[in-house]
Amino acid sequence: MPDQQAVATLHSRGDDRRRLWKAAIKWPMYSVAVMPVLLAAGWRLGSGSPVRWLQGFVFLLAAVLLLIWENLSNDLFDAETGVDDQGKPHSVVTLVGRPRPVQQLATLALLMGLMLILWIALRSSLAVLLLVLVSCGLGYLYQGPPFRLGYQGLGEPLCWLAFGPFATAAALLVIAPPTDVVPWQAALLLGSGPALATTLVLFCSHFHQVEQDAEHGKRSPVVRLGSARAASLVPWFVAGTLALEWAPVLHGDWPLSALLGALGLPAASSLIRLLRAHHHEPERITGSKFLALRFQALNGLGLSIGLGLGPWFGSPVLLPG
């Protein structure tokens with residue numbers, strides 16, 4: 001019979017590898033991909049406008065594929081600089097052992113995502129394809145050579161632009177009747193707050209790897225500011241998100257039900273307390289980005305539902321005009 005200790009060791013290694021793959025896939029992270037179309041659907045339902053659901057579903061699928069490309073590409077680019085050699089055993093490149101299969105999968109996800117976007121664009125507006133290509137370009141600028149703007153601490157504004165006005169404008173075009181007019185005003189009003197919550201997820205992903213980033217020349221905002229000062233900015237991210245979402249309610253453009261975005265506040269409160277107390281202890285704050293992600297998901301979902309429920313309470317969304 002095999003040695004029981006050896007069997008236990010094999011089982012333990014298998015469990016560890018499954019945990020690493022679960023961390024590498026980061027399935028909760030895909031809430032940032034689906035949020036623009038959910039917000040757009042809530043916005044149009046709340047204004048009494050028709051929604052093209054099939055278009056929205058295909059756009060959602062394409063957004064997930066493009067985020068898969070983004071995440072895999074980031075692992076590949078970080079592997080080139082060595083920043084993931086320590087502190088990130090769940091890098092897909094590390095788990096696979098070779099970069100080539102990861103590159104092939106990333107390329108496949110990109111091509112499939114863009115093909116779906118092209119299909120949608122031909123049935124709505126070619127501006128959809130252009131907006132998505134800009135968002136993908138911003139994603140490449142973040143980590144891709146020779147730019148690597150994320151290494152200069154510019155990842156957060158790129159993230160806000162990609163998931164804010166550009167992705168939201170594309171989503172609004174996709175589910176609306178065909179038009180060539182890009183709804184910039186609506187996209188900024190609707191997407192600015194949720195995009196700031198998405199940017200907070202990226203911001204919080206730096207806290208547990210400050211030393212590794214600094215050693216490899218990655219000057220993230222947390223490296224530049226120091227973990228204490230960076231942690232003090234987190235409440236401002238949360239406050240800014242809610243302020244951008246609640247201002248239209250106070251102005252009378254959105255229904256009171258849009259305040260459901262406050263569903264994310266408990267997660268935000270836990271995040272603020274965690275980073276305030278343990279910002280300098282990497283092993284204790286590895287989950288901070290997932291608390292930020294919970295805030296982002298619940299906030300965006302609450303806002304989407306709140307906008308859609310407006311007519312039920314006699315307060316439909318007022319479209320800018």
Side-chain angles (χ1 to χ4, degrees), residues 26 28-29 31-32 35-36 38-39 142 150 152-165 167-168 188-211 213-214 218-251 254 256-307:
K26 301 188 286 283
M29 195 69 69
S31 70
V32 306
M35 200 54 66
L38 290 182
L39 289 164
Y142 171 57
Q152 309 305 317
L154 298 175
E156 280 67 15
L158 292 174
C159 177
W160 184 86
L161 286 170
F163 288 98
T168 308
L188 280 169
L189 187 66
L190 179 62
S192 292
L196 192 57
T198 298
T199 303
L200 176 61
V201 178
L202 176 61
F203 185 76
C204 289
S205 70
H206 303 305
F207 276 95
H208 68 286
Q209 55 189 44
V210 175
E211 291 185 6
D213 284 352
K218 190 173 183 178
R219 305 287 294 171
S220 72
V222 182
V223 171
R224 289 177 178 274
L225 295 170
S227 60
R229 289 175 63 192
S232 71
L233 291 180
V234 172
W236 292 100
F237 273 94
V238 175
T241 297
L242 297 178
L244 289 166
E245 294 172 359
W246 291 358
V249 177
L250 296 175
H251 192 260
W254 290 0
L256 283 173
S257 51
L259 298 177
L260 279 173
L263 285 173
L265 273 176
S269 178
S270 298
L271 173 66
I272 291 167
R273 289 197 303 271
L274 175 67
L275 290 177
R276 181 182 294 154
H278 305 293
H279 60 86
H280 56 295
E281 301 173 72
E283 67 282 356
R284 299 191 65 168
I285 57 172
T286 52
S288 61
K289 68 180 176 183
F290 292 106
L291 279 173
L293 190 62
R294 191 179 305 168
F295 165 66
Q296 179 268 341
L298 292 174
N299 168 259
L301 184 61
L303 178 60
S304 302
I305 293 172
L307 290 170

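All figures in this text were calculated on a predicted structure; none of them were measured in a lab.
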task = State, with a plain yes or no, whether a side-chain heavy atom of V238 is found less than 4.5 Å away from one of L271.
result = no

task = Let me know which of P266, S270, C204, S269 forms a side chain to side chain contact (heavy atoms under 4.5 Å, CB included) with L291.
result = S270

ask   = By ring pair (Phe, Tyr, Trp, His ring centres under 6.0 Å), which residues pair with F203, not counting sequence neighbours?
value = F207, F237

Sub-4.5 Å side-chain heavy-atom contact between K289 and Q296 = no

note = Looking only at heavy atoms, the pair that brings L196 and G240 closest together is CD2-C, 3.6 Å

note = One should read off an interatomic distance between I272 CD1 and L275 CG, to the nearest 0.5 angstrom, of 9.0 Å

key: Minimum side-chain heavy-atom gap L301-L263 below 4.5 Å   = no

query = If you measure from CG on L38 to CG on L303, what distance do you get to the nearest 0.5 Å?
reply = 10.5 Å

ask   = Between CG of N299 and CG of L260, what distance do you get to the nearest 0.5 Å?
value = 10.5 Å

task = Without swapping roles, check the side chain of R224 against the backbone of R219 for a donor-acceptor pair under 3.5 Å.
result = yes

task = With sequence neighbours excluded, tell me which residues meet side-chain contact (heavy atoms from CB on, under 4.5 Å) with H206.
result = Y142, E156, L202, D213, S220, P221, V222

note = Note: L39 and L190 closest approach over all heavy atoms is O-CD2, 3.7 Å

task = Using modelled atom types only, decide if a donor and an acceptor are shared between the side chain of W160 and the backbone of S192 within a distance under 3.5 Å.
result = yes

ask   = Of the non-hydrogen atoms in L242 and G261, which two are nearest, and what is the gap between them?
value = CD2-O, 4.3 Å

inquiry  = For a quick test of reading the model, state the closest non-hydrogen atom pair linking I285 to L274 and the distance between them.
reply    = CG2-CG, 4.0 Å

key: 4.5 Å side-chain heavy-atom contact, F295 and L200   = yes

note = Minimal heavy-atom distance between S232 and R229, with the atoms involved, is OG-O, 2.5 Å

query = Side chains of L298 and L265: does their closest heavy-atom pair fall under 4.5 Å?
reply = no

task = Please list, chain by chain and in numerical order, all residues satisfying side-chain contact (heavy atoms from CB on, under 4.5 Å) with R284, sequence neighbours excluded.
result = H278, E281

ask   = Of all heavy-atom pairs between P165 and L188, which one has the smallest distance, and what is that distance?
value = CB-CD2, 4.0 Å

